[in-house]
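A note on names: the letters A, B, ... follow the listed sequences, proteins ahead of strands, and every chain is numbered from 1.
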Number of protein chains: 2
Amino acid sequence: MPLTKTIHRPTLHEELVERLRNLVVEDTLKPGEKVPEKDLCEAFGVSRTPLREALKVLASEGLVVLQANRGARVAEVTREELEKTFPIIAVLEELAGELACQNLSDAEIEVIETRHAAMVKAYLAKDRKTYFQANQDIHNALIEGACNDILETHHRLLASRVRRARFMANLSDDRWAQAIQEHEQMMEKLRVRDAAGLGQLMKTHMMNKYAAHIRALEAVSEDAAEG
Amino acid sequence: MPLTKTIHRPTLHEELVERLRNLVVEDTLKPGEKVPEKDLCEAFGVSRTPLREALKVLASEGLVVLQANRGARVAEVTREELEKTFPIIAVLEELAGELACQNLSDAEIEVIETRHAAMVKAYLAKDRKTYFQANQDIHNALIEGACNDILETHHRLLASRVRRARFMANLSDDRWAQAIQEHEQMMEKLRVRDAAGLGQLMKTHMMNKYAAHIRALEAVSEDAAEG
DNA sequence: AACCGTAATTATGAATTCATTATTCAGTCA
DNA sequence: TGACTGAATAATGAATTCATAATTACGGTT
């Protein structure tokens with residue numbers, strides 16, 4: 001058994017992929033915005049070569065769009081894209097739920113149980129920030145619990161594209177209550193390690209989240225039409 | 001409706017991503033092999049810059065592995081990776097089947113029907129090459145029929161990593177017969193547009209393919225142990 | 001003033017160059 | 001003989017340079 005993890009010295013382009021990805025996902029670089037190589041090079045203190053390498057990777061992940069001779073733009077998050085992405089995330093979560101049921105240790109389930117309690121508490125206190133964090137932690141734990149790094153990678157790629165729509169912000173009270181209830185059911189399945197059951201719930205949980213988002217979007221566009 | 005598709009002038013690095021990907025998937029560049037920048041640059045007649053950009057993209061797709069200051073190697077196809085990848089492909093195909101049932105036109109189903117007939121004919125004639133091609137065409141048609149380019153992209157990424165194991169070569173007679181039967185059932189579901197049914201079948205079809213592959217692998221390793 | 005065409009400027013794609021890190025290999029010593 | 005050292009070589013990571021395409025700015029025309 002190795003005493004030390006093999007040290008990993010990140011290259012510039014790796015570092016830049018990470019940083020730029022964050023800028024896009026955190027919405028610092030807004031959808032549709034141009035990604036000016038020159039400015040970013042100055043900001044990061046690197047030359048264009050590694051930055052451009054990073055942009056190519058981000059483009060292959062779908063976070064930016066490259067146009068020949070016209071540089072890079074931050075990819076837009078279209079409704080069409082959400083429509084296409086959510087069902088995929090849903091089936092990946094379904095699979096993750098099934099695998100997590102099989103792979104998680106009792107101790108790990110206990111940890112999730114704790115987080116779940118924290119999330120419910122945050123819900124009752126209407127503390128959105130804490131709720132979101134706990135929610136995220138639980139989902140991450142389940143995905144990681146699947147012990148499938150490839151699944152994790154693809155889930156992350158899709159989730160990061162969707163997260164940019166940041167609809168978490170307009171979570172209705174109804175949907176919030178429903179989400180909590182769904183999480184309760186998920187925990188029940190997890191406790192008895194009902195793999196298929198948990199998978200099914202996670203899938204519908206994701207699709208319900210999607211449906212709620214669409215409703216919110218439509219409410220917004222109606223408001224716009226009225227106003 | 002646009003009369004012309006927006007013309008797409010490929011940049012060098014895009015072209016190279018494509019070419020290199022083919023070299024890896026087609027097994028011209030063997031797993032574990034070093035990817036010598038210099039030689040490839042000469043072979044393609046380009047400088048290192050676009051080639052290196054392409055390698056970064058391929059690395060993010062998981063086809064090559066980059067080691068800082070030590071260049072790129074073609075990623076190995078481990079059994080563990082197959083174990084992790086097949087279930088993901090399976091659920092993606094399940095989803096694709098469901099969507100395809102909803103989206104394919106009658107005419108498009110008719111085309112698949114024709115290909116299916118060609119595939120059966122090739123099976124009866126034990127013509128593996130034609131069979132593989134027809135099989136591939138059918139699966140592609142169903143994936144494309146889902147009308148979900150993101151699903152398509154992720155499916156392609158995963159499939160290209162798996163295809164390198166090229167287990168199609170050691171298709172047993174039993175498995176071949178079973179596969180044909182499964183395809184028959186899939187066509188039945190498709191004809192009546194039973195979305196859930198087709199999805200389910202495509203999922204199990206993929207997992208059966210995986211199981212057969214594992215059996216083949218184990219037979220090989222047993223032979224090795226005996227010999 | 002609005003429109004068009006052309007020149008100047010800028011930004012981009014790709015090649016080249018430079019610095020640093022691995023690798024190879026000859027030579028030394030146990 | 002064989003393991004170790006260190007110089008020579010080769011390969012890589014990143015900066016720079018160069019050529020070209022896109023954008024902007026300007027001037028003339030109506």
Legend entry - salt bridge (charged side-chain N to carboxylate O under 4.0 Å, His left out) contacts in which one or both residues fall within residues 145-156 of chain A, not counting sequence neighbours: A:Asp149-B:Lys84
Legend entry - Axis deviation across the helix from C:dA1-D:dT30 to C:dA30-D:dT1, five-pair ends, to the nearest 10°: 10°
Inset, instruction - Can you run down the salt bridge (charged side-chain N to carboxylate O under 4.0 Å, His left out) pairs that involve residues 135-145 of chain A, sequence neighbours left out, and say none if there aren't any? - result: none
Inset, instruction - Do nucleotides 5-16 of chain D as a string where each nucleotide becomes B, S or -: B if the base has a protein heavy atom under 4.0 Å, S if just the sugar-phosphate does, - if no protein is that close. - result: ------SBBSBB
Inset, instruction - Any ring-ring contact (aromatic ring centres under 6.0 Å, His included) involving residues 11-45 of chain B? Give me the pairs, sequence neighbours left out, ordered by first then second residue. - result: none
Legend entry - Contact list for residues 25-34 of chain B, test salt bridge (charged side-chain N to carboxylate O under 4.0 Å, His left out), sequence neighbours left out: B:Asp27-B:Lys30, B:Asp27-B:Arg166
Legend entry - By salt bridge (charged side-chain N to carboxylate O under 4.0 Å, His left out) - contacts of A:Glu108 (at least two apart): none
Inset, instruction - Can you tell me which residue pairs pass the salt bridge (charged side-chain N to carboxylate O under 4.0 Å, His left out) test with a partner in residues 88-98 of chain B, sequence neighbours excluded? - result: B:Glu94-B:Lys203
Legend entry - Test of ring centre spacing under 6.0 Å for A:His139 and A:His205: yes
Inset, instruction - Give the rounded distance in Å between these two atoms: CZ of A:Arg73 and C1' of C:dT12. - result: 14 Å
Inset, instruction - Taking salt bridge (charged side-chain N to carboxylate O under 4.0 Å, His left out) as the test, write out the residues that go with B:Glu42, two or more places apart. - result: B:Lys38
